[in-house]
Amino acid sequence: MLVSKGHGTHEVDFEVYPCRPGTLVWARPGQLVRPGGQPGLDATLLCWTPGPWPATPDPTSPDGAGSLVAAPAVAVPDLPQDGPTHRQLAGEDEDAVINEVSQLVVDCERELSPELLRQQLATLLLRIRLLGPQPTEGAWHADGANPADGPEGPWRGGESETETYTRFRDDLERGYARTRRVEDYADGLGCCVRTLTRASLAATGRSAKQVIDDRVTLEAKRLLAGTDLPVAEIGRRLGFPEPTNFGRFFQREVGQSPGAFRAGATAEAGPSAGPASPGAEAATDDEAATGWARVPTPRSPLDPVSGFVQA
């Protein structure tokens, strides 16, 4: 999302980010997003599905039209999953990104070649990636902490620790509903608990156990705020056969019961705007009621450029 006019906020996974012209917000598949609903805040939303390049005509074929040839072994690029969610652009960087997005919007509305749109998208994402690292700016937490920082500021691990943590994060994404034991993840990675904890501390400032619990808590919040599933069912989906165990876990991690969190998360929900372009997905009944919308998970074989929404 690239903000073009006005001031306000945008919420991603329960963190509120300030928005003004030049603000870039990056929401990833599975996350919950909710606009602040402030009048006068205008932005362009770009949605796509990362995927491989399609086959293209072979210009060397005798018939001129060309037979289809395999595309290069590259995919539409994406930003790292652990990259910043919020960034305030400025100067030449802001001008360049605005120009790239504006041209992409115009060409998409003109229904030009999908291959051209993919190339433009790849250029835009590469330009954003080349902006370099930046701590998440302005996320509002009750304790004032910056989500990009550990207890002593941004953490950076060595190459081996970074690789270990990356593999751990991938395994956790697949297994957080199955197990919350650090030992299970360490066994799967072929390392000891101490090594995994050290890698996690270096990457995030939090222990491996805390990272696991954080991921389960986040999914619980998503399900409580974004669906009307019963609390007991949410607990079962996250690996808690007994509702009381889920309630104790959530109370410990969040400081309030699941029911109280759900009531608070949905009490201030504003009207949810539906999609304004073909190919965009309509909000579910749950999302319309809560004001939250879950970013769709990429589904093959959707075209990498699935459409634009302007609001």
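- Shown here are the side-chain contact (heavy atoms from CB on, under 4.5 Å) partners of E219, two or more places apart in sequence or in another chain: Y176, R215, R222, L223, L238, R294.
- Evaluation of the salt bridge (charged side-chain N to carboxylate O under 4.0 Å, His left out) rule for D184 yields R181 as partners, not counting sequence neighbours.
- For an aromatic pair to be called close, the ring centres must be under 6.0 Å apart, and F240 with F250 fails this.
- Between A265 and R34, the shortest heavy-atom contact is O-NH1, 2.9 Å.
- Residues satisfying the side-chain contact (heavy atoms from CB on, under 4.5 Å) test with E253, not counting sequence neighbours, are D213, D214, T217, F249.
- Put simply, CG on L201 and OH on Y165 are 10.5 Å apart, with the number rounded to the nearest 0.5 Å.
- Residues F246 and P258 approach most closely at CE2-CG, 3.9 Å, considering heavy atoms.
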**Study point:** Candidate pair D13 and T85, rule side-chain contact (heavy atoms from CB on, under 4.5 Å), full reasoning
**Key:** CA-CA 10 Å; D13 270 350; T85 297; over 6 Å; no
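- Evaluation of the salt bridge (charged side-chain N to carboxylate O under 4.0 Å, His left out) rule for R248 yields no partner, not counting sequence neighbours.
- Of all non-hydrogen atoms in L32 and G226, the two that sit nearest each other are CD1-N, 4.0 Å.
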Exercise for review: Any chance you could lay out the side-chain contact (heavy atoms from CB on, under 4.5 Å) test for T227 and E233, step after step, and finish with the verdict?
Suggested key: CA-CA 11 Å; T227 76; E233 174 60 23; over 6 Å; no
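- In this structure, the side chains of H7 and P21 come closer than 4.5 Å at one or more pairs of heavy atoms.
- Side-chain N or O atoms of T164 include one that pairs as donor or acceptor with a backbone N or O of S160 at under 3.5 Å.
- Residues forming a side chain to side chain donor-acceptor pair (under 3.5 Å) with Q38 (at least two apart in sequence, or on another chain): T9.
- Within the 4.5 Å cutoff, the side chain of L117 has no heavy atoms near those of the L121 side chain.
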Review point. Stepwise, does the side-chain contact (heavy atoms from CB on, under 4.5 Å) test hold for T166 with D170?
Key: CA-CA 6 Å; T166 299; D170 291 343; 4.2 Å; yes
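- The ring pair (Phe, Tyr, Trp, His ring centres under 6.0 Å) analysis of residues 205-231, with sequence neighbours excluded, yields no pairs.
- Among residues at least two apart or in separate chains, ring pair (Phe, Tyr, Trp, His ring centres under 6.0 Å) pairs with a member in residues 177-196 are F168-Y185.
- In this structure R198 satisfies the side-chain contact (heavy atoms from CB on, under 4.5 Å) test together with E161, R194, T195, sequence neighbours excluded.
- Distance alone, capped at 3.5 Å, places no donor-acceptor pair between the R87 side chain and the L24 backbone.
- Residue L130 holds its CG atom at 4.5 Å from CG of L126, rounded to the nearest 0.5 Å.
- Considering all non-hydrogen atoms of both residues, S257 and Q251 come closest at N-OE1, 3.0 Å.
- With side-chain heavy atoms closer than 4.5 Å counting as contact, directly or through intermediates, the hydrophobic cluster containing L116 also holds L112.
- Atom NZ in K221 sits 13.5 Å away from atom CD1 in I234 (nearest 0.5 Å).
- The minimum heavy-atom distance linking A186 with L196 is given by the pair N-CD2, 3.8 Å.
- For D171, the side chain to side chain donor-acceptor pair (under 3.5 Å) partners are R174, not counting sequence neighbours.
- Among residues two or more places apart in sequence or in another chain, the side-chain contact (heavy atoms from CB on, under 4.5 Å) test is passed with R167 by E163, L189.
- Annotation: the span from H10 atom NE2 to L41 atom CG amounts to 9.5 Å, rounded to 0.5 Å.
- Judged by distance alone, the side chain of H86 and the main-chain N or O of P18 form a donor-acceptor pair under 3.5 Å.
- Separation of atoms CD1 (I128) and CH2 (W26) is listed at 5.5 Å; rounding is to 0.5 Å.
- A salt bridge is absent between E115 and R118; no separation between the charged side-chain nitrogens and carboxylate oxygens falls under 4.0 Å.
- Rounding to the nearest 0.5 Å gives a distance of 12.0 Å between CG of L125 and CD of Q120.
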Exercise for review: Tell me, with the steps shown, if L89 and I98 meet side-chain contact (heavy atoms from CB on, under 4.5 Å).
Suggested key: CA-CA 10 Å; L89 303 174; I98 289 175; 5.8 Å; no
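- Using modelled atom types, no side-chain atom of E11 and backbone atom of V16 make a donor-acceptor pair closer than 3.5 Å.
- For R262 against L224, the heavy-atom pair with the smallest separation is NE-O, 2.9 Å.
- Among residue pairs with one or both ends in residues 96-107, those qualifying as salt bridge (charged side-chain N to carboxylate O under 4.0 Å, His left out) are E100-R127, D107-R110; sequence neighbours excluded.
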